[in-house]
Structures are given as structure tokens and as C-alpha cells.
Amino acid sequence: MKKAHMRTSAFAAVAVIAGMALTACGSDSTGADGGAGGSGGGSAENAKVAFLMPDLASTRYELADKPLFEAKMKQLCSSCTVIYQNADSDASKQQQQANSALAQGVKAIVIDPVDSAAAATIVKSAQAQNVPVIAYDRPIPTTPADYYVSFDNEKIGSMIGQSLVDHLKKENAEGGILQVNGSPTDAAAGLIKKGIHGAVDPSGFKLLAEYDTPDWSPEKAQGWVSGQITKFRDQIAGVVAANDGTGGGSIAAFKAAGVKVPPVTGNDAESAAAQRIISGDQYNTISKPIKTVAEAAADVAYRFVRGEKPAGKTTLYDTPSELFTPTVVTRDNINEVLFQSGIMKASEVCTGEYAKGCAELGIK
């Protein structure tokens, strides 16, 4: 996991993190401006790195990914420049932004593709100019990038689906499940969908219907779920939604219909999702701290800029990859995972109607 939910980022600590004193590079780096490094022996001094994000509908890219990536790059290479662009859900625009970055002489491109298939052209163009491409968050299946950094998206789908199934069985729920997937042009959404099916299909609960949500749009998810409520009504035991935006849209559909909201999943740990979990409207979400992937992507980009060829810890779509494992968040652990860890601040989430729920959960 969007467009109607322009929310404050779940990662409220970004401003603090980005403003922290910069530390010296670790043992993997040569120094602030990266002289010769690894087998490539390249120089990172004054290098430009493109950071191309997919949309503005999800607030995370402007509020978290961008500042965290830039801060890490600054730490690794004080003379390097990050060229940031956001495609606002337009694959053609992202292609133009990539072309512009190449024309400006970038030494590496980090890209979260709007359209995973269309991004293959960007990969080919960059590699033809000996510019490495790091796929970020979403993979590029048809043409291998030089590296892929993300949380394990198939695992995310499996985790939210299994968490819901286990809860429904514990509650002796009857009926079936609606599955609200992400965008059909997003390969990461396809992996999440595969993971969800791996949990739901053998669960014993009937899959009533599923929907691939264009552009991850909460409004379109809401519209589809509204139709399913009319069709299935009391047969809906739960909803597996692939992210917090589609989950929020699903919940809105039940409320608009005047029907009790069944357990609904999410993913991304947006602050609004945390509030819905606290209030009992949303069953779970996934915490995948953006700091983890943003800094990992910066480190990989810096290595490529220096002439190294980082080895992946695994391989996905013939691409060397590093896939991090996320955490399922429910009311049972939300305080520990999101608040005690510092990812979120109670002062920003536990406002108004949510203050009582926060007090009940010991969030402060």
C-alpha cells in the first residue's frame, strides 16, 4: 500500500533521523567521499544518484523514503548529489524522469517503478550507458536490474493473510473472505497477492471474490467492496487487503453500508492504520521501517558508484537481492512495535477519539 488518504506518514521520526549528526562511514566504505573501493576502484566524488519514486498518493515517499535516502547518501558521500523525482503514478512521466537523470550524468539509478513491466525500458536504457539500476520496494521482473532492495513482499502477503485466518479460526468465525489486492501493474502487489493466496486458499474459508485495485486506489477498493457487501452481506467473515489504503477503503465501505466491520488487514503501518487498529476498526498491518530499506538502497547505490558490484543475499527475478522480513502489527503488539520502538509518537497518533484506546493499550 491510496489517493484519498493523504495522511501524515507513520514514520514521524523522519525529521529527527534526517537531522541527526552524520557519522563516519562503516567498514564497507572508504570514507566520506569514497575514494577507491572494492574491486572496481572507482571514485564517488561529486557523483550524482537518481532516486525515482512512483507516486504522491502515498505520503511515505516525500516524508520518509526521500529524506532517509538522502541523509544516508550524505553520510556515505558528502560530495554526492541525489536527484529526486516523483512520477505521480504516471509511468510515462517516470520514463522521462529517468531519461533526464541519465542526461544529467547519474552514476546510479534507484527506482520504485510505477509500472514494473514498463520499467524494463528504463533498465535497458541505463544499462546501455553502463549506469546500474537498483530496483527499490517493487521488483522489475522482465528485465533484471543490477540489484533489488525491499521487504519480502510475498512474505508480507503470507503474514497478513495467515494472521487474519488464525484470528478468524480463534473466533470461530463463519463465512468467507474478500481479497483486495494491489495494483495489477505493480510486481510487488503480485507477490503480495501470491502470499495471501498461500495463506487463504488452504485455510478452509471460502474466497468469496478478489479484486486487483488499479493504482492502489482506496476509492476504487471502497467501491468494489461496497458491491461485494450488497452481494454477500453477512457471508463476509473478513477482508484481506494488501495495504493500509485499500484496507481503509474496505473499512469505509462497511461503515457506509451500515454494516459491522469484519476483521480487515493492511500493510505499511500508516499512522491512520495505527489509529484504526487502536480503535478496533482494522485488525492488522505490517511494520516495515522505511529507514531499513532506504539506507540499504543508499549503501548499495554508493557501492555501485565506487565501481563495486555488490553480491545479493538472495536472488529474485534473476536479480541480486536483499529482502528484509517485516512484522505483523495487531492490538496485541502495536505499543511495542510502533510506539516503544520510536517509529511512531503517541502525541501524534493518540489524539481525539483515539486517546481512550491508546490509554487502554498503555500507549503513551
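Along the sequence shown, the residues carry numbers beginning at 1.
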Exercise for the section: For residues F51 and Y136, establish whether the separation of their ring centroids is below 6.0 Å. Expected result: yes

Practice task
Please test W224 against T213 for side-chain contact (heavy atoms from CB on, under 4.5 Å), starting from the C-alpha separation and ending with a verdict.
Solution key: CA-CA 9 Å; W224 181 78; T213 311; over 6 Å; no

Practice task
Could you verify whether a donor N or O on one side chain and an acceptor N or O on the other, from Y302 and Q75, lie under 3.5 Å apart?
Solution key: no

Practice task
Taking atom NZ of K194 as the centre, report whether more than 12 heavy atoms of other residues, nucleotides or ligands fall under 6.0 Å from it.
Solution key: no

Problem - salt_bridge(D137, R60) N-O dist < 4.0 Å - result: yes

Practice task
Check step by step if side-chain hydrogen bond (donor to acceptor under 3.5 Å, both in side chains) holds for D90 and Q94.
Solution key: CA-CA 6 Å; D90 186 335; Q94 190 167 62; over 6 Å; no

Fill in the blank from the handout: Value for CD (E270) from OG1 (T285), rounded to nearest 0.5 Å, stands at 7.5 Å

Practice task
Among residues two or more places apart or on two chains, list those pairs meeting salt bridge (Lys or Arg N to Asp or Glu O under 4.0 Å) that have a residue in residues 100-129.
Solution key: D112-R138

Exercise for the section: Check whether more than 12 heavy atoms from other residues, nucleotides or ligands sit under 6.0 Å from atom CD of E336, and answer yes or no. Expected result: no

Problem - Any side-chain heavy-atom pair of Y147 and K309 under 4.5 Å - result: no

Handout entry: R331 side chain reached by L361 side chain, heavy atoms, under 4.5 Å
Key = yes

Problem - Donor-acceptor under 3.5 Å (S321 side chain, T319 main chain) - result: yes

Exercise for the section: Assess whether side-chain contact (heavy atoms from CB on, under 4.5 Å) is satisfied between S226 and F254, documenting all intermediate values. Expected result: CA-CA 7 Å; S226 294; F254 284 97; over 6 Å; no

Fill in the blank from the handout: One should read off an interatomic distance between D215 CG and D186 CG, to the nearest 0.5 angstrom, of 10.0 Å

Handout entry: Test log, rule side-chain hydrogen bond (donor to acceptor under 3.5 Å, both in side chains), inputs Y148 and S150
Key = CA-CA 7 Å; Y148 175 46; S150 180; 3.3 Å; yes

Handout entry: D281 bridged to K255 by N-O distance under 4.0 Å
Key = yes

Practice task
Report yes or no: do F205 and M159 belong to one cluster of Ile/Leu/Val/Met/Phe/Trp/Tyr joined by side chain heavy-atom distances under 4.5 Å?
Solution key: yes

Practice task
Look only at the side chain of N333 and the backbone of T330, and say whether a donor-acceptor pair between them is shorter than 3.5 Å.
Solution key: yes

Handout entry: Electrostatic pair D299-R303, nearest N-O below 4.0 angstrom
Key = yes

Practice task
Check the hydrophobic clustering (I, L, V, M, F, W, Y; side-chain heavy atoms under 4.5 Å; chains of links allowed) and say if I160 and V180 are grouped together.
Solution key: no

Practice task
Please check if the side chain of N335 supplies one atom and the backbone of G362 the other of a donor-acceptor pair under 3.5 Å.
Solution key: yes

Problem - Validation row: H197, L207 side chains within 4.5 angstrom (heavy atoms) - result: yes

Fill in the blank from the handout: Which of Q96, Q97, Q104 passes side chain to side chain donor-acceptor pair (under 3.5 Å) with S100? Answer is Q104

Handout entry: Under 3.5 Å: donor-acceptor pair, side chain of R276, backbone of D244
Key = yes

Practice task
Check whether any side-chain heavy atom of I122 lies under 4.5 Å from a side-chain heavy atom of I111, and answer yes or no.
Solution key: yes

Handout entry: Whether T315 side chain and D318 backbone form a donor-acceptor pair below 3.5 Å
Key = no

Handout entry: Side-chain donor/acceptor of D152 to backbone N/O of F324, under 3.5 Å
Key = no

Handout entry: Minimum side-chain heavy-atom gap I334-I278 below 4.5 Å
Key = yes

Exercise for the section: Could you check if a side-chain atom of V149 sits within less than 4.5 angstrom of a side-chain atom of V293, using non-hydrogen atoms only? Expected result: yes

Practice task
Report yes or no: does S79 contribute a side-chain atom to a donor-acceptor pair with the main-chain N or O of N46 at less than 3.5 Å?
Solution key: yes

Practice task
Might you work through the side-chain hydrogen bond (donor to acceptor under 3.5 Å, both in side chains) test for N181 and Q179, ending with a clear yes or no?
Solution key: CA-CA 6 Å; N181 303 311; Q179 183 170 327; 2.8 Å; yes

Problem - Side chain S250, main chain T246, donor-acceptor under 3.5 Å - result: yes

Exercise for the section: For D88 and D55, indicate whether the former's side chain and the latter's backbone hold a donor-acceptor pair under 3.5 Å. Expected result: no

Handout entry: Side chain proximity check, L102 to S125, heavy atoms < 4.5 angstrom
Key = yes

Handout entry: Q275 side chain vs V349 backbone, donor-acceptor pair below 3.5 Å
Key = yes

Practice task
Measure the spacing between CG of D234 and NZ of K260 and express it to the nearest 0.5 Å.
Solution key: 11.0 Å

Problem - Heavy-atom check, side chain of V106 versus side chain of T81, under 4.5 Å - result: no

Practice task
Output yes when K66 and E70 qualify as a salt bridge under the 4.0 Å nitrogen-oxygen rule, no when they do not.
Solution key: yes

Exercise for the section: Flag the pair E295 and K291 as a salt bridge only when some basic side-chain nitrogen lies within less than 4.0 angstrom of an acidic carboxylate oxygen. Expected result: yes

Practice task
Verify the neighbour count for atom CD of Q129: are there more than 12 heavy atoms of other residues, nucleotides or ligands below 6.0 Å?
Solution key: yes

